[in-house]
Amino acid sequence: MEECEALCTRMAIMVNGKYRCLGNNQHLKNKFGAGYTLVARVGYPSDGSMPDMAAVKIFVEEQFPNSVLKDIHQNLVQVFTYFSSTDVT
């Protein structure tokens with residue numbers, strides 16, 4: 001999606017060989033967007049041990065209560081948070 005935003009003014013989405021939607025980037029995001037993806041990389045402590053990912057998980061759950069944890073791997077965490085049209089002003 002990032003490449004399309006940088007290079008195109010309009011885009012189409014094709015599903016099973018058929019065009020399903022056509023429009024500019026903002027139109028498609030407003031119509032079909034469901035939320036945000038947060039990817040965070042946590043730095044390693046100076047002693048070389050693994051970072052405390054539980055603290056990151058707790059922080060994200062407190063800040064984004066409707067979020068869904070997608071992946072935790074070594075020092076990366078990926079979270080998806082939903083929003084409704086009333087959340088964004």
Side-chain angles (χ1 to χ4, degrees):
M1 187 69 150
E2 291 85 14
E3 294 88 2
C4 290
E5 289 176 0
L7 299 174
C8 305
T9 57
R10 292 178 64 187
M11 63 177 113
I13 297 177
M14 184 182 284
V15 178
N16 294 328
K18 296 182 181 180
Y19 288 111
R20 296 296 179 188
C21 56
L22 174 70
N24 64 29
N25 299 337
Q26 193 60 49
H27 167 74
L28 296 178
K29 285 182 182 181
N30 289 343
K31 188 167 183 175
F32 300 106
Y36 296 99
T37 299
L38 168 72
V39 179
R41 182 180 299 175
V42 181
Y44 287 97
S46 59
D47 63 2
S49 63
M50 292 299 291
D52 182 14
M53 298 305 285
V56 174
K57 183 180 174 186
I58 291 169
F59 174 80
V60 169
E61 288 172 351
E62 289 174 354
Q63 298 300 313
F64 307 102
N66 60 346
S67 63
V68 176
L69 180 67
K70 292 292 185 182
D71 187 31
I72 288 184
H73 185 72
Q74 289 186 344
N75 68 331
L76 290 174
V77 61
Q78 182 176 5
V79 178
F80 184 81
T81 182
Y82 297 94
F83 66 84
S84 66
S85 59
T86 58
D87 291 343
V88 179
T89 56

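Since we're looking at a predicted model, the values are computed, not measured. Residue numbers start at 1 and run along the sequence shown.
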Tyr19: hydrophobic cluster co-members (side-chain, 4.5 Å)
Met14
Show which residues join Val39 in its hydrophobic cluster (side-chain heavy-atom contacts under 4.5 Å, direct or indirect), or state none.
none
Given the rule that I, L, V, M, F, W and Y join up when any side-chain heavy atoms are under 4.5 Å apart, are [X] and [Y] in one cluster?
| X | Y | answer |
| --- | --- | --- |
| Leu38 | Val77 | yes |
| Leu69 | Val56 | yes |
| Val42 | Phe64 | yes |

Nearest 0.5 angstrom please: Asn24 CG to Arg10 CZ, how far?
8.5 Å
Considering residues at least two apart in sequence or located in another chain, which fulfil the side-chain contact (heavy atoms from CB on, under 4.5 Å) criterion with Cys21?
Ile13, Leu28, Phe32
Can you confirm whether Arg41 is buried at CZ, in the sense that more than 12 heavy atoms of other residues, nucleotides or ligands lie under 6.0 Å from that atom?
no
Taking all non-hydrogen atoms of both residues into account, name the closest pair between Leu22 and Ala12 and its distance.
CD1-CB, 3.9 Å
Can you list, pair by pair, the side-chain donor-acceptor contacts under 3.5 Å of residues 47-55, counting residues two or more places apart and other chains?
unit_1: Asp47; atom_1: OD1; unit_2: Ser49; atom_2: N; d: 3.0
unit_1: Asp47; atom_1: OD1; unit_2: Ser49; atom_2: OG; d: 2.8
unit_1: Asp52; atom_1: OD1; unit_2: Ala54; atom_2: N; d: 3.3

Name all residues meeting the ring-ring contact (aromatic ring centres under 6.0 Å, His included) criterion together with Phe59; count only those two or more places apart in sequence or in a different chain, and write none if there are none.
none
side-chain hydrogen bond (donor to acceptor under 3.5 Å, both in side chains) pairs, two or more places apart, involving residues 67-81:
Asn66-Thr81
Give me the one residue out of Thr37, Val68, Val60 that meets side-chain contact (heavy atoms from CB on, under 4.5 Å) with Val79.
Val60
